Amino acid sequence: MKNEWYKSMSFYQIWIRSFYDGNGDGIGDLYGVYEKLEYIKSLNVDGIWFSPLYPSPNADFGYDISDYRNIHTDYGDLEQFRKVLNRAHELGMKVIMDLVINHTSDEHPWFIESRKSRNNPYSDYYIWRDAKNGKLPNNWDSLFEGKAWEYCPEREQYYLHIFAKKQPDLNMDNPKVREEVKDIMRFWLDMGVDGFREDVITFISKAKNLPDGLPFIPAANGMPYYKDGPHIHEYLSEFREVCKEYDCFQLGEGPMTTTKSALLYMNGKDKVLDLMFHFDHMMADCIFTEYIRRPFKLTRLKRAFRKWQKELNGRAWNTLYLENHDHPRVISRYGSEKFHRESGTMLAVCYLFQQGTPFVYQGQEIGMTNIRLDSIDKYIDVSSKNNYHSFHLKDSVAKRLARIHASSRDSSRTPMQWDSSENAGFTTGTPWFYVNPNYKKINVADEEKDPQSILNFYRKCLKYRKKSEVALWGDYTEYYKASEHLFVYRRSYKNKYLLIVCSFSPHKLKWRNIREFRDRKGRLAICNYKNPKRGILKPYEARVYEY
Ligand code: GLC
Ligand code: CA
């Protein structure tokens with residue numbers, strides 16, 4: 001495959017419902033996206049990843065698909081999608097779609113048929129099991145909602161759902177299902193899309209006989225039996241063949257993926273994915289999921305960065321991200337809302353200069369922060385609600401709500417803050433979800449005017465990156481590894497260097513540059529303060545030196 005172009009690109013992720021409403025019904029849509037394509041291009045990104053745009057009952061906001069070959073009426077139609085796609089291409093941007101094939105919606109016609117009887121053309125499209133000694137087929141929990149099994153009276157059987165009840169898992173062992181997947185891929189590739197972000201793709205092959213998991217692990221107890229399952233490489237190589245017919249690339253989401261298993265997908269002659277999203281660096285203030293909190297520790301974050309930079313170097317290509325639609329806002333967790341501009345710009349530097357393909361999530365580029373709603377009933381995300389109602393039940397309401405404030409996926413799903421007018425300029429109608437009340441301070445229009453803003457800083461970094469061979473291809477070396485305040489790394493390529501210095505401290509820090517740098521004549525290329533001082537780093541200061 002000659003698709004290596006993705007290595008020098010950067011992407012912008014759109015979660016359309018909250019991006020921009022083009023027709024005034026309070027819901028973001030493809031009319032809105034069309035109007036904002038120039039804005040996206042102005043960030044100096046080279047492509048767009050669309051979270052699902054397909055028809056969906058929205059039990060999991062698009063990740064429960066009821067028709068793979070259409071656009072949700074809330075967002076437009078296929079014609080409008082083609083318009084967006086063509087205009088994005090004209091602007092020199094690639095477009096990748098979300099491919100969600102571990103499960104469908106329970107309202108997908110395949111499932112509607114499948115649940116009717118044990119012998120119809122779709123009866124084996126999903127994972128159906130009889131009760132075992134009057135109990136559930138196994139002890140797996142769902143990651144989103146109670147147990148992983150739901151009873152269906154028509155079939156007198158249970159179906160498996162690793163995610164919400166309305167997300168039944170497809171039976172990928174059925175060759176017909178795999179043919180369907182390939183057809184869906186061709187449908188979008190024929191239209192001209194440039195690749196796929198493949199949702200929880202490492203979960204699609206389940207272990208034979210679906211053995212019980214360890215009973216004391218909540219939520220993820222079945223994971224050893226559905227993550228990196230027995231036939232995953234076979235199935236993915238079938239899908240790979242489709243992609244080889246086009247000039248496209250595949251990016252797989254791998255929750256809890258290790259470098260070792262990621263390399264098996266991305267490297268060698270059996271390469272089936274070009275890129276992967278891992279979660280390691282998202283655990284610096286939590287365990288397994290953001291709901292289970294622990295204090296942020298910089299050394300933990302650095303260790304995750306270092307591991308992936310080192311172990312993939314020369315073997316596979318990294319993805320770089322700090323936010324997406326599944327995580328709370330990064331300033332609110334790894335930075336500081338008090339030092340909003342400072343920490344927002346520092347966080348940009350901290351990841352954009354590593355080796356890999358960067359992703360910027362909508363709103364991240366202006367430093368949007370977590371929303372704090374005063375009741376769990378105001379939250380809409382199925383997993384946040386489930387966490388609240390299943391864990392730490394003895395804690396006070398205030399304590400549990402604080403956990404939701406820190407962890408909810410809803411924080412990344414509030415409407416994009418375009419300006420300081422009503423509803424943050426997101427819609428002329430009534431927004432479908434709460435707008436973060438800080439929109440008068442944090443919005444695109446104001447940041448456009450301010451050369452020091454987070455927005456303009458992202459533009460600067462993304463532009464620099466594109467033109468710098470060292471930033472694109474350089475090796476990664478880290479300094480001050482044990483520091484809980486400083487993150488310092490060097491990129492090196494053909495005898496040229498970049499030195500990246502990030503302070504994660506809200507206080508001034510005394511600091512001495514590394515020896516190698518002092519011996520050569522370096523130049524400060526980027527800094528998030530106007531007058532950087534020698535020997536001192538201001539709160540959340542970030543610098544990029546070249547030498
Ligand atoms: C992925 C998606 C997430 C979704 C889940 C189930 O992790 O990113 O939003 O809820 O898969 O499809
Ligand atoms: Ca709309």
Side-chain angles (χ1 to χ4, degrees), residues 13-36 49-54 56-66 71-77 80 84 97-106 108 142-145 148 161-170 196-204 219-220 223 226-227 251-257 276-279 282 288-290 319 321 323-328 359 361 380-387 408-413 415-416 423 426-433:
Q13 183 195 347
I14 294 185
W15 197 81
I16 194 164
R17 206 168 180 80
S18 285
F19 185 63
Y20 186 55
D21 178 15
N23 64 1
D25 67 354
I27 299 173
D29 51 43
L30 287 168
Y31 312 104
V33 172
Y34 190 84
E35 283 181 52
K36 296 294 183 188
W49 153 31
F50 279 110
S51 271
L53 304 172
Y54 319 101
S56 160
N58 283 336
D60 188 21
F61 291 100
Y63 286 90
D64 49 322
I65 297 171
S66 53
I71 298 293
H72 198 301
T73 50
D74 283 351
Y75 309 142
D77 52 23
Q80 184 61 22
V84 168
M97 295 295 266
D98 223 302
L99 185 71
V100 188
I101 47 138
N102 177 69
H103 43 266
T104 69
S105 162
D106 65 341
H108 192 288
S142 147
L143 291 174
F144 277 5
E145 250 186 322
H161 63 92
I162 292 175
F163 293 92
K165 285 179 195 162
K166 284 181 70 64
Q167 292 170 298
D169 281 58
L170 281 163
F196 299 103
R197 176 268 188 188
E198 305 183 355
D199 190 63
V200 291
I201 199 69
T202 51
F203 290 2
I204 63 171
M223 203 179 276
Y226 55 74
K227 180 171 153 287
L251 157 56
E253 185 201 23
M256 305 304 122
T257 277
M276 287 191 82
F277 280 136
H278 69 85
F279 286 46
M282 293 282 105
F288 182 65
T289 142
E290 275 95 352
T319 56
Y321 76 92
E323 280 188 13
N324 63 38
H325 64 295
D326 288 332
H327 303 282
F359 287 75
Y361 178 66
I380 39 160
D381 169 38
V382 57
S383 74
S384 303
K385 283 183 178 296
N386 180 58
N387 287 335
S408 178
R409 304 198 295 180
D410 286 336
S411 275
S412 54
R413 301 172 178 191
M416 177 77 182
N423 302 322
F426 162 71
T427 178
T428 52
T430 308
W432 74 280
F433 190 52

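Just so we're clear, the structure is a prediction, and the values are computed from it rather than from any experiment. Hydrogens, waters and symmetry mates are skipped; everything else that's a heavy atom, side chains included, is used. We count ligands from 1, going down the list as the structure has it; atoms in each ligand are counted the same way.
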*Between Phe163 and His103, what is the ring plane arrangement, given parallel below 30°, perpendicular above 60°, and tilted in between?*
tilted
*Between Ser105 and Ser66: side-chain donor-acceptor atoms closer than 3.5 Å*: no
*Hey, does Phe288 have a side-chain heavy atom less than 4.5 Å from the side chain of Met223?*
yes
*Tyr75 backbone or side-chain N/O/S under 3.0 Å from the Ca ion (ligand 2)*: no
*If you count only heavy atoms, which residues are under 4.0 Å from ligand 1?*
Asp60, Tyr63, His103, Phe144, Phe163, Gln167, Arg197, Asp199, Val200, Glu253, His325, Asp326, Arg409, Arg413
*Ring centroid separation for Tyr321 and Trp49, is it under 6.0 angstrom?*
no
*So what does the Asp21 OD1 - the Ca ion (ligand 2) - Asp29 OD2 angle come to, to 10°?*
80°
_Member of Phe426, Tyr75, Phe61 meeting the ring-ring contact (aromatic ring centres under 6.0 Å, His included) criterion with Trp432_ = Phe61
_Apex the Ca ion (ligand 2); atoms Ile27 O and Asp25 OD1; angle rounded to 10 degrees_ = 90°
*Hey, do the aromatic rings of Phe279 and His327 have their centres closer than 6.0 Å?*
yes
_Criterion side-chain contact (heavy atoms from CB on, under 4.5 Å) against Glu253, the qualifying member of Asp326, Asn324, Val100_ = Asp326
